[in-house]
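To keep things clear, I will list the structure first and then write my remarks on it.
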Protein chains: 2
Amino acid sequence: MKENQQHHTILDLAAALKLSPATVSRALNNTSYVKKETKQRVMEMALKLGYRKNTMAAGLRNSKTNTIGLILPKISMFFHAEVVTVVQNLLHAQGYNLLIGQSNDDPAMEKELSETFFSSRVDAMIVSCTLQTIDFSHFDIFADHQVPILFYDRVPPGNYKARVIKGDDFQGGFIAGQHLAEAGCRNIGMINGPMTSNIYEARAAGFMGSLQYFNLPVRKTLFYHQELSTEQTIAALKKMFAAKNKPDGLFVTSDRNAVTVVQYAKENGIRIPEDLRIVGYSNDPVTAVISPSITTIDQFPSLFGSKLVETLLEMMDTIQTDEYIPAVVTPVKLVERESTSILKPIINPIKLK
Amino acid sequence: MKENQQHHTILDLAAALKLSPATVSRALNNTSYVKKETKQRVMEMALKLGYRKNTMAAGLRNSKTNTIGLILPKISMFFHAEVVTVVQNLLHAQGYNLLIGQSNDDPAMEKELSETFFSSRVDAMIVSCTLQTIDFSHFDIFADHQVPILFYDRVPPGNYKARVIKGDDFQGGFIAGQHLAEAGCRNIGMINGPMTSNIYEARAAGFMGSLQYFNLPVRKTLFYHQELSTEQTIAALKKMFAAKNKPDGLFVTSDRNAVTVVQYAKENGIRIPEDLRIVGYSNDPVTAVISPSITTIDQFPSLFGSKLVETLLEMMDTIQTDEYIPAVVTPVKLVERESTSILKPIINPIKLK
DNA sequence: TGGATTTATGAAAACGTTTTCATAAATTCG
DNA sequence: CGAATTTATGAAAACGTTTTCATAAATCCA
């Protein structure tokens, strides 16, 4: 049974069948004319010898690798893990391999991975940027060489010409604000990621817009735009709750940190939702499980994934033009849970349209 | 700035510098003798023209792709996401790319991915099997062609000759049993995955061994070995709590399902830990966050990842021999949380060694 | 100084596939 | 029936590297 030898090549098949390599190749790939019987013989021999196409040789000849590169900040983040899962499954169904690289939120690493993947001659790229990426020029090589590149979630700003799929972060921010407003919060704050990233910028814009729309004040002392680490989050909470104007509603733009807020509240006798209402972002399963469970914004990661693959495949069999193609925006949805449930009567109901 | 053209090749460099492609290659790769000044000129021109090595051509020539294939059941599972994160980072540091495929716990898909990765001429393979894989012959191609293959976590049985890194599942099971015993449980049960997989088989063996060691009964009606879905878990719980001999301690060999148990208990007025103590498996962050938090077995996924890479690199620069190399076993550790805290006095203390 | 060694470069083959260009055989059909 | 078309196959080149085999120049050292 064991072959335990070198790899068999198309020449081995050709020799064994007294055919030319050209015919064998045609039989294997169903291209051009090959006699039915010949094809049959080739297939059988291929099976018998355990022939497997050398994709490198084929790739070199065709300048096509059937490989897609994917760069993301960290694969273990819930949202990204879900997206990758779907993307990999769909691409596999189309005969593509997926090469994955993690930037660990380090722009230098991101650049390095770009170079490597370009060298590997990936057929296309999918990228979710670092939070700190402000110079996107290391992605230029791809567009310059007609390699389709598609950004998602954390994407370059509008002045960088690129195809983009992003969540409706503005809307996500807006409905978070609306929900807190409707729940009766009046001292509303925000713990947000760094404004260098489009997602946090948009969420903040939507959120503040919402507060203004509902005639609620945007108090500077309750707004933090910073690294989303546990330490920073706790530091922000300490400051907020040390001041006299304590928040009664918080929009925390990452679920992991919303969890931190819940834990901090428990430890400090702050009741949720009575004293403090919380809205997170991403619908990480942990928000459903923690007690109290956390209201959050679902980003539909698997929809994200399927849109990505759909768009990428379309890009790959279209000639890349210079024309501007607007970003695809995927929907968001508020998932209501205990952290914002309306337990107390609203004293001062807001007029909602 | 924009090149916007074809890819530059080594021949372009050679022509531009009036050198032979051979010299350019040598300069680029630091192989053999090249005048210092020449190397300098090559490097500069490479930079100027934006030359990037075509790894397919190089791979074809060297039969080395610098790519490692990784097959796992599902990337979004906590343990695997952590392992992948570490593996990808370490491999990248060594100049390797990582090709990822998800079997979705489907043996047919696993087989398909094996074929694809083999065709892609990966330099080595890392695999965590499907729970249902009983025939491992689709992995034979790799060993037969001297491609190092390393299994982890869900691995083939001992009669399949392969390098293996696995967690100490027996020990994990044992300390879970010991912990429940020491906490005073007397009616101890288990919700386990299918016994087709080595990990669940070993956890069960360790667990049952532990109960016997502590002179506790192993009641068949409290042991379930089945698919680890929410539905199945709830079904098992219903049966257990409908019977007269209700469990006061449960070892649930997956954290996700331990969470299900906690939720079921809450909904059905079963107090944790007073009425029911629970030990999970994997130290998924969710176990720390849920209330009550869940005692669980940590598998040290990042240690797993680094052992994997270390072993794989060693395998890659050693000629593969037929000699048997025993499995590397990584440690486990019990993480004690609220779901097993000792609130009630132990009536009937066990004699522990 | 002159033979041996080291350093530096080039020509050409090779990796395994696909495809273009030919050409021959079989089939169509006016 | 014979010309046109379709079907079937092969020879050879090409994809972009790396490496072996040469050979020439520079350096060593006795």
Side-chain angles (χ1 to χ4, degrees), chain A residues 5-43 45-46 49-67 95 116 118-123 145-146, chain B residues 5-43 45-46 49-67 95 116 118-123 145-146:
Chain A
Q5 288 313 329
Q6 303 308 331
H7 297 280
H8 287 288
T9 74
I10 249 181
L11 272 80
D12 297 332
L13 292 188
L17 293 163
K18 299 200 184 293
L19 283 171
S20 72
T23 304
V24 175
S25 170
R26 285 188 273 250
L28 255 22
N29 296 304
N30 268 319
T31 57
S32 169
Y33 300 115
V34 178
K35 210 201 285 181
K36 206 166 183 179
E37 183 213 320
T38 308
K39 184 182 294 185
Q40 175 81 7
R41 288 174 57 221
V42 170
M43 290 309 193
M45 185 58 78
L49 296 189
Y51 167 81
R52 301 273 172 2
K53 177 197 293 211
N54 183 326
T55 49
M56 270 186 304
L60 176 57
R61 173 61 223 232
N62 301 332
S63 39
K64 184 157 196 303
T65 53
N66 286 307
T67 300
T116 315
F118 181 79
S119 265
S120 296
R121 295 290 191 276
V122 293
D123 292 340
H145 292 263
Q146 287 76 249
Chain B
Q5 285 316 326
Q6 302 307 332
H7 297 281
H8 286 289
T9 75
I10 247 181
L11 272 81
D12 297 331
L13 293 187
L17 293 163
K18 296 197 185 295
L19 284 170
S20 74
T23 305
V24 175
S25 170
R26 285 189 273 250
L28 255 22
N29 296 305
N30 267 321
T31 57
S32 170
Y33 301 115
V34 178
K35 210 200 285 180
K36 206 167 183 179
E37 183 214 319
T38 308
K39 185 182 292 182
Q40 174 83 6
R41 287 173 57 222
V42 170
M43 289 311 192
M45 185 59 77
L49 296 189
Y51 167 82
R52 302 271 172 6
K53 177 197 295 212
N54 184 326
T55 49
M56 270 186 305
L60 176 59
R61 174 60 224 234
N62 301 332
S63 40
K64 185 158 196 303
T65 52
N66 285 308
T67 300
T116 315
F118 182 79
S119 265
S120 297
R121 295 291 191 275
V122 293
D123 291 341
H145 293 262
Q146 286 78 248

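Atoms considered below: every heavy atom in the structure, side chains included; atoms not considered: hydrogens, waters and symmetry mates. Labels below follow one simple rule: chain letters A, B, ... track the order of the sequence lines, proteins then strands, and each chain is numbered from 1. Owing to the predicted nature of the structure, the values given are computational and were not obtained by experimental measurement.
Scanning both residues, B/Ala27 and B/Val34, for their nearest heavy atoms gives N-CG2, 3.8 Å.
Think of the region where chain B sits on DNA chain C: with heavy atoms and a 4.0 Å cut, that region ends 5' and 3' at C/dT7 to C/dG16.
Among the heavy atoms of the strands, none lies under 4.0 Å from A/Lys39. Using a 4.0 Å heavy-atom criterion, one finds that A/Lys64 contacts no nucleic acid atom at all. B/Leu19 comes within 4.0 angstrom of sugar-phosphate atoms only, judged by non-hydrogen atoms across all strands, and of no base. Using a 4.0 Å heavy-atom distance criterion, A/Ser25 is classed as a base contact. Within the nucleic acid shown, B/Thr38 comes within 4.0 Å of sugar-phosphate atoms alone, with no base atom in reach, counting heavy atoms only. Contacts of A/Ala22 with the nucleic acid, taken as non-hydrogen atoms under 4.0 Å apart, include base atoms.
Below 30°, between 30° and 60°, or above 60°: for A/His145 and B/His7 the angle between ring planes is below 30°, a parallel geometry.
With sequence neighbours excluded, the residues that form a salt bridge (Lys or Arg N to Asp or Glu O under 4.0 Å) with A/Arg52 are B/Glu115.
The 5' end of DNA chain C is approached more closely, in terms of each residue's nearest nucleotide, by B/Val24 than by the other of B/Val24 and A/Pro21. Remark on DNA chain C: of its neighbouring residues B/Ala57 and B/Ser20, the 5'-side contact belongs to B/Ser20, judged by nearest-heavy-atom nucleotide. If B/Arg26 and B/Met56 are placed on DNA chain D by their nearest nucleotide, the residue sitting closer to the 5' end is B/Met56.
Atom CG of A/Asn30 is separated from atom NZ of A/Lys39 by 4.0 Å, given to the nearest 0.5 angstrom.
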### Query
Are A/Thr23 and A/Leu17 close enough, and set up right, to give a side-chain contact (heavy atoms from CB on, under 4.5 Å), and what steps lead you there?
CA-CA 10 Å; A/Thr23 304; A/Leu17 293 163; over 6 Å; no
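Taking 4.5 Å as the limit, every side-chain heavy atom of B/Leu13 sits out of range of all side-chain heavy atoms of B/His8.
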